[in-house]
Amino acid sequence: MTAYLDRLNAEQRAAVETLDGPLLVLAGAGTGKTRVLTTRFAHILMSNRAFPNQVLAVTFTNKAAREMRERVSAILGRPAEGLWLGTFHALCARMLRRHAGVVGLESNFSILDTDDQLRLLKQVMEANHVDSKRWAPPALMGIVQRWKDRGLTPDRITAAEDTDFASGHARALYAAYQDRLRQLNAADFGDLLLHMTEILRTQPEILAQYHRMFRYILVDEYQDTNVVQYLWLRLLAQSHQNICCVGDDDQSIYSWRGAEVENILRFEKDFPGARVVRLEANYRSTDPILGAAAGLIAHNEGRLGKTLRSGRNDASGDKVEVVGLWDSEEEARMVGSRMEQLRRDGHSLAEMAVLVRAGFQTRAFEERLITLGIPYRVVGGQRFYERAEIRDAVAYLRLLVQPADDLAFERIINVPRRGVGDVALRTLHSYARANSVPLMLAAERLIAAGELRGRVRESLTELLSGFASWRELMARDGHVVTAATVLDESGYTAMWKADKSPDAPGRLDNLKELVRALNDFETLPGFLDHVSLVMENEENTDADRASLMTLHGAKGLEFDTVFLPGWEEGLFPSQRSMEENGNKGLEEERRLAYVGLTRARQRAIVSHAANRRIYANWQSSIPSRFIEELPAEHVNQTGAARLEREQRLSQPAIFTGAFPLTATRVRQSPGAWEATARPPRAVAIPVGSRVFHQKFGYGTVTAVDDDRLDIAFEQTGPKRILDRFVEKA
DNA sequence: AGGTTAGTAATTTTT
DNA sequence: TTACTAACCT
């Protein structure tokens, strides 16, 4: 019955069995955090302390939610259904649909993504005569989001906090934006939390209802919660205080998104009588990796303090390698050849990852891996919902559910092209504004009044009658058929079928996937929530590929081998982080380094290049301070890091040319120079040859300029490629 | 209305 | 360097 408890160590077991009252579980990296959380959840159910729908379990990512659901099911031995388990946003959306009226919305409100948000903010700025060229809309979006993160409605913002943007009009713009959202019957991501917290704050009977409902609350990644999430949790936990938060202050890396480490640091004050359990036995990494990570993070102040110790029996291992390279290209070659070496030794690529500070850094590694023929995947990037075709399709569906959704209307009004441009749209806008009606209704009335003519009138009439018939169809035949019909009859799929660009087939596939996914939902509104809050791109995890991703993206993952390139001052720690947030920024960068190191089970290879190409020109850089902070006994330093540093100090003149000077290059090991030289062209590739490129596929050479080939690729069109990247087909 | 070109800005992004 | 936006031309 309780066999699942036997698999836990003493501290994990304490975390699972301390069920009453507030509990903070400080879970160091690799200490079995997820196991504790899921076992605790299952334990609550198995011991009959609560029914599945009486436990509220909150995560930050859909992935974490999914994983928890699966693992709870596995322990229970049956599918876990009826759970309140999900992300903050998904759970709030679900609640807010029930109480939308309290904050002036209808329950079918639309959820806006950042793109809609930005467009709306820009419109609000223009309507309030704030020049959107002088004041950047994205900056305002950031300000508004931070306010929302802190649970601040416009009326709660003090004048003192409103001085920077638009000469102190940010608060007014925020208020106008919120009004506009209400008119559109829409909420942005931040609103989901903000509105729900507001409702719980002001409506005691609704709060009481949730108090009766949720007997236990579980929270993952508590160090990443922001103020409004904290307030929401505190309100919900108020009565019984059965709240268990799991987190690691050393892994707090999202302060720039409004996360407050203080939440976890303050837990015992916020929840009097709280118990604290520390999970310190690490089952993931070797001793040297743990030692290096611990030594590094010890440089931070204001930590709750944990001492990771090894829980593995086989924890001895190689020291953390620190490799100094000449330039970023050599760094990419080093990573590539080490991967090849490991692969020859029987290691799987899926167990190797390159973790970079910023997205653009992956490119250099991609190029190298392509030339070496090492399969890889870039993790992160665009999510399913963010793709243009999905957003367009969703806009059509949103309008079906909610005709007042002007943002959706604007998005699709001329997609596909209907000859409705700026001029026509402006006419609609001015009528809509003057009469306080949605754009769709404005269009209808202007057509009836004969104010619109020609092509515009024709295509708008067609679109409007389309929507009318689609609504009927939905009532009759359901949302799946309707969605497919909408995409067809609106001309949207035809638009992509006619598109000759190489990604058009993929987009059509995505649309098919969207319609297919509709089958899993009873209603269209339910599906729309799923798409904007949950749906992700499916990745083919089957193939053996190395992973390239940002350090942020790597949180929660682990690999046998982890490459940590670019440990240079200015890049990592990032200059901007330090400039904007001073020591706090630096400490967060250090936590990021800590997260990176602790992803590794067996091997961690840190590297830094003396020269790096930023945009067009070369810049020299010095090794990251984090390298010096790694305890020497756990590190094996190779390469000319020290030498480079001294050399640069004695020779302040850096290169002005496009490539490092040969004279300094001699300082490198003999092999380095050889490897740097351009490999001789194996076979001449004349014009007209059919060639193959790892990334772009097959193509025909149309022109040759020394080592550069103009190639017309069959899939992706014309490109200029260095000859060594292609082979004769 | 829609395509073309010049100018400008360039972290991290769980929802 | 590239990618995206905004004014500009057809």
Side-chain angles (χ1 to χ4, degrees), chain A residues 58-67 86-93 111-114 117-118 122 132-133 136-138 141-142 145 148-149 187-194 220-221 223-226 228-229 251-259 355-364 379-386 414 417-426 454-456 459 529-536 549-557 566 570-581 585 588-589 591-593 595-596 612-618 658 720:
Chain A
V58 197
T59 64
F60 273 84
T61 64
N62 293 302
K63 198 173 152 208
R66 209 182 318 124
E67 196 178 320
T87 63
F88 277 99
H89 296 269
L91 292 167
C92 278
I111 297 173
L112 304 188
D113 58 65
T114 46
Q117 248 181 88
L118 195 60
K122 206 172 156 189
S132 63
K133 265 163 239 136
M141 185 160 88
Q145 270 170 359
K148 289 187 176 181
D149 286 342
D188 64 23
F189 281 131
D191 281 342
L192 299 174
L193 265 302
L194 187 71
D220 192 13
E221 304 278 18
Q223 77 283 352
D224 287 334
T225 50
N226 59 33
V228 71
Q229 288 161 339
Q251 292 187 65
S252 163
I253 54 176
Y254 282 106
S255 75
W256 51 274
R257 276 184 100 254
L355 309 184
V356 295
R357 175 66 246 265
F360 70 84
Q361 290 173 267
T362 55
R363 227 159 129 162
V379 181
Q382 248 199 346
R383 263 169 294 285
F384 190 74
Y385 179 62
E386 284 166 6
N414 207 24
R417 294 260 144 85
R418 297 190 173 88
V420 183
D422 284 350
V423 181
L425 194 57
R426 228 171 291 149
R455 176 117 190 267
V456 173
S459 49
D529 276 5
H530 174 78
V531 181
S532 50
L533 293 170
V534 180
M535 200 157 172
E536 302 173 81
M549 66 183 101
T550 64
L551 287 159
H552 285 92
K555 193 161 118 191
L557 304 177
L571 184 61
F572 190 41
S574 131
Q575 192 63 39
R576 197 155 151 188
S577 231
M578 292 188 291
E579 275 167 12
E580 285 175 9
N581 299 303
E588 182 149 319
E589 295 286 304
R591 290 194 290 269
L592 204 45
V595 167
R612 190 169 289 277
R613 192 154 65 173
I614 309 278
Y615 310 127
N617 36 3
W618 288 88
R720 181 160 293 180

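Just so it is clear: chains get the letters A, B, ... in the order the sequence lines come, proteins before strands, and each one is counted from 1.
- Separation of the P atoms belonging to B/dT12 and C/dA3 is 15 Å when rounded to the nearest angstrom.
- By the 30° and 60° cut-offs, the orientation of the rings of A/His552 relative to A/Tyr254 is tilted.
- You won't find any donor-acceptor pair under 3.5 Å spanning the side chain of A/Arg357 and the base of B/dT11, going by distance alone.
- Nucleotide B/dA10 holds its C1' atom 14 Å from the CD atom of A/Gln361, rounded to whole Å.
- Within the 4.0 Å cut-off from OP1 or OP2 of B/dG3, at least one side-chain nitrogen or oxygen of A/Arg417 is found.
- Looking at the side chain of A/Asn414, the nearest of the listed nucleotides B/dT11, B/dG2, B/dT15 is B/dG2.
- Side-chain atoms of A/His552 lie closest to B/dT12 of the nucleotides C/dT2, B/dT15, B/dT12.
- At least one donor-acceptor pair closer than 3.5 Å links the side chain of A/Asn414 to the backbone N or O of A/Val420.
- Taking the P atom of each, C/dC4 and B/dT11 are spaced 12 Å apart, rounded to whole Å.
- Of all nucleotides listed (B/dT15, B/dT13, C/dT2), B/dT15 comes nearest to the side chain of A/Asn62.
- Using a distance-only test at 3.5 Å, with no hydrogens or angles considered, no donor-acceptor pair links the side chain of A/Arg357 to the main chain of A/Leu571.
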Polar-atom pairs under 3.5 Å, protein N or O versus N or O of nucleotides 6-10 of chain C: list them with distances, or write none.
{"from": "C/dA6", "atom 1": "OP1", "to": "A/Lys122", "atom 2": "NZ", "distance (Å)": "3.4"}
{"from": "C/dA7", "atom 1": "OP1", "to": "A/Lys133", "atom 2": "NZ", "distance (Å)": "3.2"}

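- Heavy-atom nearest nucleotides on DNA chain B were determined for A/Gly359 and for A/Val534, and the one closer to the 5' end corresponds to A/Gly359.
- When each of A/Glu580 and A/Val420 is assigned the nucleotide of DNA chain B with its nearest heavy atom, A/Val420 is the one assigned upstream, toward the 5' end.
- Within the nucleic acid shown, A/Asp113 has no heavy atom closer than 4.0 Å to any nucleic acid atom.
- Rounded to an integer number of Å, the gap from CG of A/Leu592 to P of B/dT12 is 12 Å.
- In the set B/dT15, B/dT11, B/dA1, B/dA1 carries the atom at the smallest distance from any side-chain atom of A/Ala424.
- Comparing atom distances between the A/Trp256 side chain and each of C/dA3, B/dT13, B/dA1 picks out B/dT13 as nearest.
- One interatomic measurement links the two molecules: CG of A/Asn581 to C1' of B/dT11, which rounds to 12 Å at whole-angstrom precision.
- Here the nucleotide nearest the side chain of A/His89, chosen from B/dT13, B/dT15, B/dT11, is B/dT15.
- Between the CZ atom of A/Arg576 and the P atom of B/dT12 there is a distance of 9 Å, rounded to whole Å.
- A distance-only check finds a donor-acceptor pair linking the side chain of A/Glu589 to the backbone of A/Ser574 [under 3.5 Å].
- Regarding A/Phe360, its CZ atom lies at a distance of 14 Å from the P atom of C/dA3, rounded to whole Å.
- Taking all atoms of both residues into account, the shortest heavy-atom contact from A/Thr225 to A/Gln229 is CA-OE1, 3.2 Å.
- Counting any heavy atom pair closer than 4.0 Å across all strands shown, A/Val423 reaches sugar-phosphate atoms only and no base atom.
- A distance of 11.0 Å separates NE2 of A/His89 from CG of A/Asp191, quoted to the nearest 0.5 Å.
- Rounded to whole Å, the distance from CG on A/Asp220 to P on B/dT15 is 13 Å.
- At least one donor-acceptor pair closer than 3.5 Å links the side chain of A/Asn62 to the backbone N or O of A/Leu533.
- As rounded to whole Å, 14 Å separates atom C1' of B/dT12 from atom CE of A/Met549.
- Contacts of A/Glu589 with the nucleic acid, taken as non-hydrogen atoms under 4.0 Å apart, include base atoms.
- Heavy atoms only, all atoms of each residue included: A/Asp149 and A/Gly258 are closest at OD2-CA, 3.7 Å.
- Contacts of A/Arg66 classified as salt bridge (Lys or Arg N to Asp or Glu O under 4.0 Å), with partners at least two apart in sequence or in another chain: A/Glu536.
- Across B/dA1, B/dT12, B/dT15, the shortest atom-to-atom separation from the side chain of A/Glu386 is found for B/dT15.
- With C/dT2, B/dT11, B/dT15 as the choices, the nucleotide that has an atom nearest any side-chain atom of A/Arg363 turns out to be C/dT2.
- Within the 4.0 angstrom heavy-atom criterion, base atoms lie near A/Tyr254.
- The nucleotide whose nearest atom lies closest to any side-chain atom of A/Ser574 is, among B/dT12, B/dT11, C/dT2, B/dT11.
- Whole-Å rounding puts the A/Arg613 CZ to C/dT1 C1' distance at 8 Å.
- Contact between the side-chain N/O atoms of A/Ser577 and the OP1/OP2 oxygens of B/dT11 is not found at any separation under 4.0 Å.
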